[in-house]
Structures are given as C-alpha cells and as structure tokens.
Amino acid sequence: MQETKELLSDDRQGEPVMMDQQSDLQTGKKLYVESYGCQMNFSDSEIVASIMSKAGYETTRIAREADVVLLNTCAIRDNAEQRVRNRLSQFQIEKKRNPKMVVGILGCMAERLKAQLLEEEKLVDLVAGPDAYRDLPNLVTEVGTGQKAVNVLLSRDETYAEITPVRLDSNGVSAFISITRGCDNMCSFCVVPFTRGRERSRDPKSIVAEAHDLFDRGYREVTLLGQNVDSYRWNISKKGEVIEPKDETVNFAQLMDKVALVNPLLRVRFSTSHPKDMLDDVLEVMAKHKNICEYIHLPVQSGNSDVLSKMNRGYTREWYLNRIDAIRKHMPACGISTDIISGFCGETEEQHQDTLTLMNEVKYDFAYMFYYSERPKTLAARKYEDDVPVEEKKRRLSAVIHLQNAHSLASNKKAIGKTHDVLIEGDSKRSSEMQCGRNTQNVMCVFPKLAYKKGDYVTVLAKDCTSATLIGEIAE
Ligand code: SAH
Ligand code: SF4
Ligand code: F3S
C-alpha cells in the first residue's frame with residue numbers, strides 16, 4: 001500500500017485531508033476528521049464518517065467548530081508519528097479555548113501506543129484502533145461521562161463489509177474499496193501487522209455491490225485496497241484448499257474479473273501487490289479486461305537478495321525480476337511503480353548498489369522512497385542492529401531518488417507524441433481553464449478544457465512533460 005509521502009508528493013496522501021458531509025440525524029453535532037498515512041486509512045476515515053453520521057454527527061472542514069476531532073494516524077515511520085504529535089499539541093491549545101471539544105486518535109499510531117497518549121501523555125480524550133470504529137459513538141459518550149475511552153481490540157473478522165462509506169473529500173469520479181484488512185506477512189521492518197492485526201478478506205458480494213453502487217452514483221474508477229491484494233481469498237484456506245461449507249470460492253484474480261464486469265466504463269485499479277504472491281493469473285485477468293488499468297505497484301524494497309531475506313520479504317532479486325518480465329510479457333505498456341527502503345540494518349554499500357542496478361534494469365515509472373526507520377516490536381528491531389548511520393541512509397536515499405527522477409522523466413518523455421485514454425477527474429489544481437485526469441498507467445495528464453466534464457473519458461495527445469505529469473491536449 002502506498003503511504004505517507006515525505007519525499008515524493010502525491011496529491012492523495014502526505015498532507016492531512018479534511019472532510020465535509022451531512023449527517024443522517026439532525027443533532028447539530030459536528031465531526032472533524034484528519035487522515036494520515038496510506039490509502040487504507042483514508043478509506044477507513046470514510047467508514048468512520050459513516051458510523052458517526054448514524055450517531056448524528058455531520059462532518060465539517062473547520063476544526064474549531066467541531067464537537068469531536070479525530071486524527072486517523074499512521075505509524076509506519078517515526079516521522080509519521082512526530083507529525084501527529086505536533087498536530088495533537090495544536091489541538092491542546094484549541095481545547096483551552098473550547099474545553100468541551102473531544103480529541104481522539106484513531107488508526108495505526110493509536111493501536112501501537114494504546115492508552116499511552118491518553119493516560120500518560122494526556123494528549124487525547126479517546127483512543128480507537130482500526131478494528132474498533134463501530135464503538136466510536138460509545139467511546140465519545142464515555143468521554144462525556146469521564147470514563148477511559150479506549151478500544152484497541154484487534155479483530156479476526158471485522159471488515160466493515162456492510163457499512164457504506166461516506167465518500168469524503170471525493171472528486172466524485174474515483175473511490176477506494178477495501179477488500180482485505182490486516183497483514184500476515186511479517187516483513188521484518190514493518191509495524192503494520194502489529195497495528196492492523198491478522199489478514200482477513202471481505203465478502204466478494206459486498207465488494208461487487210459497492211462497485212455497482214459507486215458506478216450508479218457516477219463514479220468511474222475504483223481502487224481495490226489491501227496490504228497484499230494478491231492474498232485476497234474467500235472460502236479458500238492459506239494452503240489453497242476450499243473451506244467447507246463449500247460456498248463460492250474467490251481469489252484475487254477472480255475478484256478483479258467480477259469487479260471489471262460491473263461495467264466496461266468503470267476503471268479498476270488495485271494496491272498493493274506483493275511480489276511473492278503476484279502470479280500470472282492476475283496478469284491474465286488484467287490483460288483480458290480493457291477497464292482494468294495497466295498499472296502495478298510492486299514494492300521491491302531492496303535489489304539485494306540477502307537484504308530481502310533479512311527483510312523477510314519471501315522473494316529474491318531473481319524472482320522479483322521474473323515477475324517484472326511476466327508483467328511486461330502480458331502487458332508490454334504496463335506502468336510499474338515501487339517502494340524502496342535505503343539503509344536497512346546491515347546494508348552494505350554493495351547491497352545499496354544492487355538496488356540501483358535493479359532500478360536500472362526495471363526502469364520504474366514511479367517510486368516511493370524512504371530511509372529505514374526502526375519500529376518498536378518489529379522483528380528487525382528485536383533481531384538486527386540499526387547500524388547504518390542516518391547521514392549514510394540519507395546519502396543512499398538521495399542516490400536512489402536521483403536515479404528514480406531520471407527514470408520517471410525518461411518514462412514520461414517516451415509518452416510524448418502518443419495518445420492516452422484519460423478519465424477526467426476535474427479542473428487542474430493550477431487553473432480552472434485546464435482539466436486533469438490519469439492515463440491507464442496512472443500518470444497525471446493536464447490539458448486545456450473543452451466541452452467535456454469530470455467522469456468523461458477523453459483521448460489526450462501528450463505534447464510535453466515534467467517528471468510527474470504529462471501535458472497535452474484533447475485529440476478529437
Ligand atoms: N503492504 C505494502 C506496504 C505498506 S507500507 C507492501 O508490502 O508493499 C508502505 C511502504 O513503507 C513499504 O513498502 C516500505 O517501503 C515502507 N516502510 C515500511 N516500514 C518502513 C520502515 N520501518 N522504515 C522505512 N520505510 C518503511
Ligand atoms: Fe508490511 Fe510486509 Fe505486510 Fe506490506 S506485506 S504491510 S510491508 S508486513
Ligand atoms: Fe497505513 Fe501507516 Fe497504518 S501506512 S496501515 S496507516 S502504519
């Protein structure tokens with residue numbers, strides 16, 4: 001899953017996003033939600049808004065006027081948590097002005113720190129982990145009665161399947177659909193299995209129904225979300241056996257097929273694929289349906305097999321490159337992006353160079369790049385020394401970023417002079433005379449506005465580019 005972008009910006013992430021929506025009940029109470037971290041957190045905030053709306057809370061974009069403020073947080077790296085702490089201090093000041101305001105923390109940092117921010121640091125009034133959102137209305141009431149409003153229980157089966165998310169801060173064109181929660185992989189650097197619990201898949205019927213509903217409401221693109229979408233399975237055991245009683249069994253390739261059949265005008269995307277689990281059946285389904293976008297985010301983390309083994313990623317450099325070959329065999333024009341970590345425990349200069357040579361072999365269109373940040377409780381924190389000095393981590397990361405920028409620019413330059421199928425998302429950020437939308441490879445395209453509106457498909461001839469955007473015009 002793509003998440004907070006400290007180093008490369010992405011318009012959906014990194015910066016907190018505020019929301020505004022009417023409630024079901026008219027109580028006059030207002031909720032303000034700020035989301036940090038990965039797409040899953042943004043998607044969860046829409047579930048939170050739905051649950052709170054049933055309890056009479058209308059969302060607002062203005063924190064000062066809110067009765068309840070909830071920060072949906074990320075714990076993936078230390079700086080993600082620092083940002084939330086700074087924000088919580090600001091709300092402490094706000095609370096002096098308005099002592100009745102309830103400030104709560106949700107998401108992965110809430111799960112990781114449990115009651116600490118409430119009891120020891122006294123920075124919040126309420127703590128709810130990712131599987132406890134149905135309890136939020138009760139927790140808010142508990143704050144009012146002076147009780148300790150903490151619920152960080154993780155669940156083995158919660159998927160919020162039947163909750164219709166309240167689409168917040170939406171462009172009305174693209175929406176997220178969560179298909180799995182949690183992660184069973186235990187990559188040694190990663191805190192997610194501790195903050196999100198065991199992996200579980202959501203009922204395919206509720207996923208397809210949500211896609212239908214979105215299409216009927218004018219949406220034209222859905223992104224299926226999970227930490228490892230390839231391990232989606234319904235009524236199938238981890239070993240691949242059918243789980244009795246024999247109902248319908250569905251794997252990820254079959255799920256994508258079903259969602260693609262909702263309507264040929266509904267684009268389907270997904271995130272994140274795991275290199276160890278992404279097999280050819282998924283690629284075959286992608287190649288079969290024109291409306292499944294030709295774009296795969298396939299995090300590599302490192303180009304060296306020994307580092308990958310220490311990271312507990314479950315694949316080697318060779319296996320990873322074989323998966324890249326398979327993608328290109330099925331879809332020669334497929335966009336490919338990745339995540340890279342520089343300076344993992346014990347990483348040598350040669351191993352760092354292996355990451356650069358892998359990047360040169362694959363030539364990613366885009367990448368999210370980070371330096372290693374040790375997370376408490378993880379296997380790496382317990383077993384390996386975080387021994388690459390921070391200055392060295394930063395130096396290696398700069399080399400990775402520098403190389404990727406050149407690859408991104410080269411990839412976009414290759415797209416110049418070609419036409420691209422673009423789904424219009426709305427006006428461009430810089431000018432209301434320009435519109436923007438993505439091509440199938442997920443590259444943002446900007447072009448002068450004609451008579452088309454958001455949600456329409458247009459053919460754009462690319463004429464120029466930056467490393468992040470294609471600039472062109474609608475070819476009629
Ligand atoms: N489930 C996704 C990743 C989710 S976290 C996957 O398996 O690919 C998103 C990215 O954050 C990871 O791919 C990794 O590159 C980065 N990341 C995770 N833990 C990190 C850590 N401790 N330090 C630095 N980067 C980390
Ligand atoms: Fe973390 Fe690995 Fe799971 Fe991704 S697959 S969320 S990196 S443990
Ligand atoms: Fe996502 Fe951050 Fe949690 S990346 S799963 S919000 S730790």
Side-chain angles (χ1 to χ4, degrees), residues 4 13-37 41-75 79-130 132-152 165-170:
T4 8
Q13 296 169 336
E15 290 307 308
V17 172
M18 281 61 93
M19 303 140 169
D20 211 350
Q21 187 78 27
Q22 294 283 306
S23 126
D24 290 8
L25 290 172
Q26 295 297 317
T27 60
K29 289 190 181 158
K30 292 206 163 109
L31 166 72
Y32 172 86
V33 187
E34 232 173 62
S35 307
Y36 297 79
N41 251 15
F42 285 77
S43 171
D44 280 2
S45 292
E46 301 189 327
I47 288 166
V48 166
S50 175
I51 291 167
M52 291 297 283
S53 159
K54 297 258 171 344
Y57 285 83
E58 183 182 309
T59 48
T60 171
R61 282 163 193 269
I62 304 160
R64 288 177 70 120
E65 66 175 40
D67 302 278
V68 176
V69 167
L70 298 174
L71 301 196
N72 195 358
T73 61
C74 175
N79 52 8
E81 293 198 358
Q82 287 315 327
R83 198 180 310 166
V84 171
R85 282 179 184 281
N86 291 340
R87 194 67 178 126
L88 286 174
S89 315
Q90 289 171 0
F91 281 113
Q92 285 293 304
I93 299 166
E94 187 60 30
K95 264 182 81 97
K96 292 215 172 85
R97 191 189 62 84
N98 173 11
K100 280 204 182 132
M101 177 189 267
V102 173
V103 177
I105 181 166
L106 316 178
C108 293
M109 191 176 162
E111 189 64 47
R112 192 179 85 71
L113 296 174
K114 308 213 169 1
Q116 184 183 318
L117 291 172
L118 191 152
E119 289 177 359
E120 291 162 36
E121 302 189 41
K122 306 207 183 323
L123 275 171
V124 296
D125 309 304
L126 177 160
V127 181
Y133 298 150
R134 287 181 203 265
D135 199 23
L136 275 171
N138 296 333
L139 292 170
V140 171
T141 311
E142 282 177 13
V143 176
T145 58
Q147 299 173 61
K148 271 188 214 154
V150 180
N151 186 343
V152 287
V166 169
R167 302 292 166 185
L168 298 161
D169 210 62
S170 162

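This one's a predicted model, so the numbers in the text were calculated from it and none came from an experiment.
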Peer 1: Run the side-chain contact (heavy atoms from CB on, under 4.5 Å) check on V103 and L88 step by step: do they pass?
Peer 2: CA-CA 8 Å; V103 177; L88 286 174; 4.0 Å; yes
Peer 1: Between N151 and A132, is there a donor-acceptor pair closer than 3.5 Å when you use the side chain of the first and the backbone of the second?
Peer 2: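 Looks like no, no N/O pair under 3.5 Å.
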Peer 1: If you apply the rule side-chain contact (heavy atoms from CB on, under 4.5 Å), what do you find for E46 with S50, and how did you get there?
Peer 2: CA-CA 6 Å; E46 301 189 327; S50 175; over 6 Å; no
Peer 1: Minimum heavy-atom separation for S45 and N72, please, with both atom names.
Peer 2: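 Shortest heavy-atom contact: OG-ND2, 3.0 Å.
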Peer 1: Can you see which heavy atom on A149 is nearest to which on E142, and at what distance?
Peer 2: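 It is CA-OE1, 3.7 Å.
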Peer 1: Look only at the side chain of K95 and the backbone of M101, and say whether a donor-acceptor pair between them is shorter than 3.5 Å.
Peer 2: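 Between the backbone of M101 and the side chain of K95 there is a qualifying donor-acceptor contact (under 3.5 Å).
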Peer 1: State, to 0.1 Å, how close D125 and L118 come at their nearest heavy-atom pair, and which atoms those are.
Peer 2: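 Looks like O-CD1, 3.2 Å.
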Peer 1: If you compare all heavy atoms of Y36 against all heavy atoms of N41, which two are closest, and at what distance to 0.1 Å?
Peer 2: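 The pair with the smallest heavy-atom distance is O-ND2, 2.8 Å.
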Peer 1: Does the side chain of V124 come within less than 4.5 Å of F91's, by heavy atoms?
Peer 2: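 A side-chain contact is absent here, since even the closest heavy-atom pair is not under 4.5 Å.
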Peer 1: Take Q82 and R85 through the test side-chain contact (heavy atoms from CB on, under 4.5 Å) and record every step on the way to the result.
Peer 2: CA-CA 5 Å; Q82 287 315 327; R85 282 179 184 281; 3.7 Å; yes
Peer 1: Under a 3.5 Å distance rule, please check whether E65 uses its side chain to pair with a backbone N or O of T60 as donor and acceptor.
Peer 2: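 Checked: no pair found.
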Peer 1: Are any of the side-chain nitrogens in K29 or E58 under 4.0 Å away from the carboxylate oxygens of its partner?
Peer 2: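 Salt bridge between K29 and E58, a charged N being under 4.0 Å from a carboxylate O: no.
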Peer 1: Start with the C-alpha gap between R112 and E81, add the side-chain angles, then the distance that decides, and say whether side-chain contact (heavy atoms from CB on, under 4.5 Å) holds.
Peer 2: CA-CA 10 Å; R112 192 179 85 71; E81 293 198 358; 2.6 Å; yes
Peer 1: Closest approach of P130 and G107, non-hydrogen atoms and distance?
Peer 2: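 Answer, listing the atom of P130 first, then G107: CD-O, 3.7 Å.
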Peer 1: Look up atom CG in L113 and atom SG in C108, then write down how far apart they are to the nearest 0.5 Å.
Peer 2: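 Between atom CG of L113 and atom SG of C108 there are 11.0 Å.
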Peer 1: Between T73 and M109 (side chain of the first, backbone of the second, donor and acceptor by atom type, cut-off under 3.5 Å), is there such a pair?
Peer 2: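 Checked: pair present.
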Peer 1: Does E34 reach the main-chain N or O of L71 with its side chain, forming a donor-acceptor pair under 3.5 Å?
Peer 2: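 Between the backbone of L71 and the side chain of E34 there is no qualifying donor-acceptor contact (under 3.5 Å).
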Peer 1: Show the nearest heavy-atom pair for residues N98 and A66, with the distance to one decimal.
Peer 2: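 So the two residues come closest at ND2-O, 4.1 Å.
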Peer 1: State, with a plain yes or no, whether a side-chain heavy atom of L126 is found less than 4.5 Å away from one of L136.
Peer 2: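 In short, these two side chains touch, coming nearer than 4.5 Å.
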Peer 1: Once you round to the nearest 0.5 Å, how far does CD of Q147 lie from CG of L139?
Peer 2: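 Rounded to the nearest 0.5 Å, the CD-CG separation comes out at 10.0 Å.
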Peer 1: If you count the non-hydrogen atoms of other residues, nucleotides and ligands that lie under 6.0 Å from NZ in K114, is the total more than 12?
Peer 2: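 Enclosed.
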Peer 1: Look up atom CG in D67 and atom OH in Y32, then write down how far apart they are to the nearest 0.5 Å.
Peer 2: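 Here the rounded value is 14.5 Å.
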